[in-house]
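Bear in mind that the values here come from a model prediction, so they are computed numbers and not experimental data. We're numbering straight along the sequence, starting at 1. Just so you know, these numbers use all the heavy atoms, side chains as well, and skip hydrogens, waters and symmetry mates.
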Amino acid sequence: MAETAKYAAINGGTLFTDMKTQLSLPKTKRTVACAYGFVFIFIVVTTFLAFSPSPNSSSPWFTNIFSLSKEDVGTSYRSQFSSVFSNLFPRSSKNNFEQPHLDKKGLIVEKSENYTQNDDKGGVLENPFNSSSVLSDKESSVVKNETLSEVFDDKVGILMGNQSVNQTFDDKDGIFKANQSSIEGSKSAAAVNQNRSRDFDDKVGIFKANQSTIEKKSAPKFSSKGKSANVEKKRDVDLVKSLLNCDFFDGNWVKDESYPLYKPGSCSLIDEQFNCFINDRPDSGYLKMKWKPNACSLPRLNATHMLELLRGKRLVFVGDSLNRNMWESLICILKNSVKNQKKVYEESGRHHFRTEAFYSFIFEDYKCRVEFFVSPFLVQQWEVADKKGGKKETLRLDLIGESADKYKDADILVFNTGHWWTHEKTSLGKDYYQEGNHVHNELNVLEAFRRALTTWGRWIDAHINPMKTFVLFRGYSASHFSGGQWNSGGACDSETEPIKNDTYLTPYPSKMKVLEDVFKGMKTQVSYLNITRMTDYRKDGHPSIYRKPNLTPKERRSQWRYQDCSHWCLPGVPDAWNELLYAELLVRPHQKHEKKS
């Protein structure tokens, strides 16, 4: 009994129930320990995977976690762990992330913020990036994922998001490259984010690394402006080369809607009798014509550039009213390009240019002058006593014009003569031409013209320094009197189209052949603006009866005894002469260089 009682269960329990009671506590402790151990291992593994990724890992969510800048940590906290969770349990994720391919070009940029142009310190980008930008193969591409991770392709200068703040410049093309140095695993995520802190310059969108130092010497400038400047320079060189081998005067008039060079009616300096638009000329086709040489394309006259060519210089026109026509045209073209019109003025304050022998326009900002000297024959008009005790006019074929000493130091001289040699007195040549004290009873006008131009040529050779002064001579400008001459009922008011058939052009004037012979006998090289043929086409370009405003058709026809079919409407044909002058100024330095070499 005693032994039996010794092993009896307490409170009447059995052996089995007693053992079960003794073992229940250790079983509960083991379960809890296993659970805590599993949780601890899960946290350790997750932390290791999250904060110590392999450098070569290609998993997109590593990049998403660690590419955040310092500023993004707070705002992207949830997205980080959402990304981790979605990658651990892919079936629960609704988003599919594709890995960027560094060798894939023409990437579509998806991002939520705009990028502006980089400063030339970091390689200027031609166009700012935006949320819909699609970049070409050869241009810089930016890949922007949901967490601002950025990857740039090496071959086309694409900005690469890396793990350090050290950034260098590519010496060849000045493109910001990202240094690919690795970050030690012992560094915390906060430190990495702090090192990667970047900002964008508000004005030009310069990508900066806050803690990096970039040497100035290693940052060559590379900008779209530099590229375009080089392209423009090459284009200009090619243009000048084409002009050097081009006959400017062999060509045709073509319609060009971009003409005229200045708005009709906008230039108050034009002589009233040349201002056809203000004088109510009804047609406008004469305004829309451009001279086109057959062998090249003349550059459109760039007034600002021409003023730069004239900076600090004197450009002087010498001759008759046709050169005044050309001078007024150039003044209007150049003046129209100057912002402050008060800095362009006639030296004596004059606004009308028919009565005086000399006019000078000053372009103050460019310190240049554009002048006109009246000298219709280029030699002196004279007076001698006649048999009745009075005086009669003569033309001194042996004396240069009176104003010559006033313009001999000019930088550019543009001469002309011709139309006054067709007047009755000069064409008849009786008791009019004088040499020394001798007045010729009769002298052929062509011979008189040759002697006068020989006098002019000798004066040029004796008084003009060709190293300083560029001498040009504008040829004879064609007239278009139909049904008579200028003083015998000749008219051109019905002409509205240029001549298109060369058979209707007049023969080359014999006076211009004399002029070319004179050039051959001169030591000084003269640039010949042979505009005779190009003006012969333009029978539509004259003022005719449109020489005064606010007249009825009847008044307009009765107002003038003669129609003007010699001068030209402005804007109009003389603008093209000035484009030829502009072209001559462009090629002049290259011609001088070729002579020296």
Using the ring of Tyr259 (Phe, Tyr or Trp, six-membered ring only), decide whether Arg300 places NZ or CZ under 6.0 Å from its centre and within 45 degrees of its axis. yes

Do we see a donor-acceptor contact under 3.5 Å between the side chains of [X] and [Y]?
X	Y	result
Ser321	His567	yes
Tyr546	Asp564	no
Thr496	Asp283	no
Trp568	Thr535	no
Asp493	Gln563	yes

On the 0 to 90° scale, with breaks at 30° and 60°, tag the Phe377-Trp421 ring pair as parallel, tilted or perpendicular. perpendicular

In terms of ring plane angle, is the pair His463 and Trp459 parallel, tilted or perpendicular, where the classes change at 30° and 60°? parallel

Check whether any side-chain N or O of [X] sits under 3.5 Å from a backbone N or O of [Y] as a donor-acceptor pair, and report yes or no.
X	Y	result
Arg396	Gly401	no
Ser544	Cys492	no
Glu447	Phe449	no
Glu579	Leu301	yes
Arg556	Asn279	yes
Asp365	Lys343	no
Asp398	Gly436	yes
Asn245	Ser242	no
Tyr359	Glu347	no
Thr455	Leu397	yes

For Asn578 and Leu261, what are the C-alpha separation, side-chain angles and deciding distance, and is it a side chain to side chain contact (heavy atoms under 4.5 Å, CB included)? CA-CA 11 Å; Asn578 283 311; Leu261 296 172; over 6 Å; no

Between [X] and [Y] (salt bridge meaning N to carboxylate O under 4.0 Å), is one present in this structure?
X	Y	result
Arg450	Asp517	no
Lys520	Glu516	no
Lys406	Glu371	no
Arg538	Asp536	no

Using a 6.0 Å cut-off, check whether atom [atom1] of [X] has over 12 heavy atoms from anything other than its own residue.
X	atom1	answer
Lys430	NZ	no
Lys292	NZ	yes
Arg533	CZ	yes

With side chains defined as the heavy atoms from C-beta onward, is the minimum distance between [X] and [Y] less than 4.5 Å?
X	Y	value
Asn323	Trp327	no
Lys511	Leu515	no
Glu272	Pro549	yes
Ser403	Phe358	no
Cys276	Pro543	yes
Thr422	Ser427	no
Met512	Tyr528	yes
Tyr537	Asn252	yes

Compare every heavy atom of [Y] with every heavy atom of [X], then report the nearest pair and how far apart it is.
X	Y	answer
Ala583	Leu298	CB-CD2, 3.8 Å
Glu495	Lys539	OE1-NZ, 2.6 Å
Trp420	Thr426	O-OG1, 2.8 Å
Gly541	Arg281	C-NH1, 4.3 Å

Using the disulfide (SG to SG under 2.5 Å) criterion, which residues pair with Cys368? Sequence neighbours excluded. none

Atom pair [atom1] ([X]) and [atom2] ([Y]), whose distance is rounded to the nearest 0.5 Å:
X	Y	atom1	atom2	answer
Cys565	Ile545	SG	CD1	10.0 Å
Glu435	Leu399	CD	CG	10.0 Å
Leu585	Phe470	CG	CZ	6.5 Å
Thr503	Leu505	OG1	CG	7.5 Å
Thr469	Tyr407	OG1	OH	12.0 Å
Asp271	Arg324	CG	CZ	5.0 Å

So if I apply the salt bridge (charged side-chain N to carboxylate O under 4.0 Å, His left out) rule between Asp411 and each of Lys468, Arg588, Lys313, which one comes out positive? Lys468

What residue among Phe248, Trp577, Trp253, Tyr582 forms ring-ring contact (aromatic ring centres under 6.0 Å, His included) with Trp291? Trp253

Show, in sequence, the C-alpha distance, side-chain angles and deciding distance for Phe473 and Trp456, and conclude whether the ring pair (Phe, Tyr, Trp, His ring centres under 6.0 Å) test is met. CA-CA 11 Å; Phe473 199 108; Trp456 168 83; 5.2 Å; yes

